[in-house]
Structure formats: structure tokens, C-alpha cells
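Presented below is the structure to which this report refers.
Every heavy atom of this structure was used, including side-chain atoms; hydrogens, water molecules and symmetry mates were not. All of these numbers come straight from a predicted model, not from anything done at the bench.
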Amino acid sequence: MNGPAGEQVSDLVRAMHATSHKCCLAVSGVGTQALAWLFAEPGTSRTVLDAQVPYVRAALDEYVGSQADQHVSAEEALKMAHAALKRAQKLAAAAGLDSATPLIGIGCTAAIATDRVRRGDNRVHVAWAGGGRQKACSLVFIKGARDRKGEEAVGSVLVLNALAEACGISDRLHVDLRPGEVVVES
């Protein structure tokens, strides 16, 4: 099985849906499983304002409002998180939400196992921004230790864990790391 047990995911997502936090998410490279997990539980509309997958470079450049030298980096994940937060603020205002509603932006960018030879490391960077705070985490995968689905699962766990942290939830999903892999926070 790739990823955490279904009941652990469901419990964490239900806890997020029970908070007053609203978020926008942008994921590129990995994180689509996290979106599926969020939408699989009732109450998604209490948490998610918008979710986007700006996948090609031009879409990602447009989303963050600038061209990056390196799209798969902690800096780009932070730019994505801030762009998502800005979108959350715009959508919350348009929906007439109370200005005290806590808003979060989540950004994720990754380069993972593919069907072609790619230079560089397989890696994922996830960031969140909101409430005057921000945080990013990065993981370099050991190439060949997992298939694409396995790397997607780990990246999606990091996305959900970032959202849980931003929502003030102490529970986290287990990150299935291989010997030598470390999640680096910044």
C-alpha cells in the first residue's frame, strides 16, 4: 500500500474540516492525492476555497506572478503559498466571510519519478502561509527507492501535515522515510 492508512487520513481531514480555517492550495508535481483526500471527506466546503494544479512552467509562473530560476525549490513553494493565501483573501472577501476567518495558503512543488531520464534529485517542497506566519519543508528522495505513486503519497502526506500545522492541529500523518531521507524545515 502506498501512503498512510485510510482511517488516519480521514481522521486528520475531519479534524481540519472541524476548524474555522479556510485555505487555497496550489500543487505542482505532487499533492494531487492530498487534494483527493481533502475532498473525500464531508465538509470540504468548510475548509477549501480553491485548489489548483499549475503544472507546466508557464502556468506556475502565471500563478506566482514571476518567472523562477528554479521551479522545484523551497522558495518557489513559499511563493506558491503566498499566492494561494492572496487568492484565499480575495475569495473570502468576495464570499463575504468574516474578516476574522483564519486564511491559509498552501504551496507544493516537486520533481518525482518519471518515465524519462531526468537530471537532478527527485524532491518535494511544501510551504504554508497565513496568520502572519510561514513555513516550508523539503525532502530529497532516494532515487529508485519508490515508484511515482510512492513519491506522490509521501508528498501528499507532507501537504496534509502542512495544512494541519497551519490549522493548529497537533496530529500528523507518518511520513514514510527511507534510511538517509530527512525532512528539512525552514
Side-chain angles (χ1 to χ4, degrees), residues 9-110 124-138 152 155-173 183 185-186:
V9 171
S10 294
D11 288 346
L12 185 60
V13 169
R14 284 192 297 267
M16 286 184 238
H17 290 342
T19 73
S20 60
H21 292 77
K22 302 271 189 191
C23 71
C24 286
L25 304 97
V27 299
S28 183
V30 300
T32 57
Q33 183 62 57
L35 299 179
W37 290 332
L38 284 167
F39 281 85
E41 292 299 323
T44 306
S45 63
R46 288 192 303 270
T47 306
V48 178
L49 296 169
D50 183 54
Q52 297 196 27
V53 184
Y55 198 68
V56 298
R57 286 183 179 160
L60 193 50
D61 289 343
E62 182 181 291
Y63 190 82
V64 300
S66 65
Q67 290 185 339
D69 291 330
Q70 176 55 258
H71 282 286
V72 183
S73 66
E75 294 79 20
E76 187 77 350
L78 280 166
K79 285 182 184 179
M80 293 171 74
H82 283 282
L85 177 59
K86 185 176 178 180
R87 182 150 175 80
Q89 292 163 339
K90 179 181 177 182
L91 293 173
L97 295 178
D98 184 317
S99 62
T101 301
L103 301 174
I104 302 164
I106 300 285
C108 173
T109 181
V124 58
H125 305 276
V126 178
W128 65 267
R133 299 173 32 216
Q134 68 178 25
K135 187 172 184 181
C137 71
S138 301
E152 166 68 35
S156 287
V157 164
L158 293 175
V159 169
L160 281 191
N161 284 348
L163 182 54
E165 180 177 5
C167 287
I169 297 168
S170 60
D171 291 341
R172 300 288 184 278
L173 298 173
V183 176
E185 296 181 350
S186 58

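- Closest of all the heavy-atom pairs between V30 and A110 is CG2-CB, 3.7 Å.
- Using a 4.5 Å heavy-atom cutoff, the side chains of R172 and L160 are not in contact.
- A donor-acceptor distance shorter than 3.5 angstrom exists from the side chain of K22 to the backbone of R46, with no hydrogens or angles considered.
- Counting all heavy atoms, side chain and backbone alike, A162 lies closest to I106 at C-CD1, 4.2 Å.
- Remark: Q134 engages H82 in a side-chain hydrogen bond (donor to acceptor under 3.5 Å, both in side chains) (not counting sequence neighbours).
- Within the 4.5 Å cutoff, no side-chain heavy atoms of S138 are placed close to those of V124.
- Going from atom OH of Y55 over to atom NE2 of H71 covers 13.0 Å, rounded to the nearest 0.5 Å.
- Listed here is the closest heavy atom pair of A84 and C24: O-CB, 3.3 Å.
- Here R87 contributes atom CZ and D50 contributes atom CG; the two are 4.0 Å apart, rounded to the nearest 0.5 Å.
- Looking only at distances, a side-chain donor or acceptor of H17 sits under 3.5 Å from a matching main-chain atom of L38.
- Contact check for M80 versus V27: no side-chain heavy atoms found under the 4.5 Å cut-off.
- Contact of the L97 side chain with the L91 side chain is not registered, since no non-hydrogen atoms from C-beta on lie closer than 4.5 Å.
- With E165 contributing its side chain and S170 its backbone, the two residues share no donor-acceptor pair below 3.5 Å.
- Residues V9 and E41 have side chains not in contact (no heavy-atom distance under 4.5 Å, counting atoms from C-beta outward).
- By the neighbour-count criterion of 12 heavy atoms within 6.0 Å, atom CZ of R14 is densely surrounded, having more than that number from other residues, nucleotides or ligands.
- For S156 against T32, the heavy-atom pair with the smallest separation is OG-N, 4.1 Å.
- Side chains of T109 and S73 form no contact here, defined as non-hydrogen atoms less than 4.5 Å apart.
- Rounding to the nearest 0.5 Å gives a distance of 14.0 Å between CG of L85 and NZ of K90.
- Under the 4.5 Å side-chain criterion, counting only non-hydrogen atoms from C-beta, L158 is not in contact with C108.
- Residues T47 and C23 form a side-chain contact, since some pair of their non-hydrogen atoms from C-beta on lies under 4.5 Å apart.
- Of all heavy-atom pairs between C167 and T19, the closest is SG-OG1, 4.0 Å.
- Using a distance-only test at 3.5 Å, with no hydrogens or angles considered, a donor-acceptor pair links the side chain of E152 to the main chain of Q33.
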So L103 and L49, side-chain contact (heavy atoms from CB on, under 4.5 Å) or not? Walk me through it.
CA-CA 10 Å; L103 301 174; L49 296 169; 4.3 Å; yes
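- When all heavy atoms of I104 and W128 are compared, the closest pair comes out as CG2-CB, 4.4 Å.
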Trace of the side-chain contact (heavy atoms from CB on, under 4.5 Å) decision for T44 with V13:
CA-CA 9 Å; T44 306; V13 169; over 6 Å; no
Please evaluate residues H125 and E76 with respect to the criterion side-chain contact (heavy atoms from CB on, under 4.5 Å), reporting the C-alpha separation (whole Å), side-chain torsions for both, the decisive distance (0.1 Å), and the verdict.
CA-CA 8 Å; H125 305 276; E76 187 77 350; over 6 Å; no
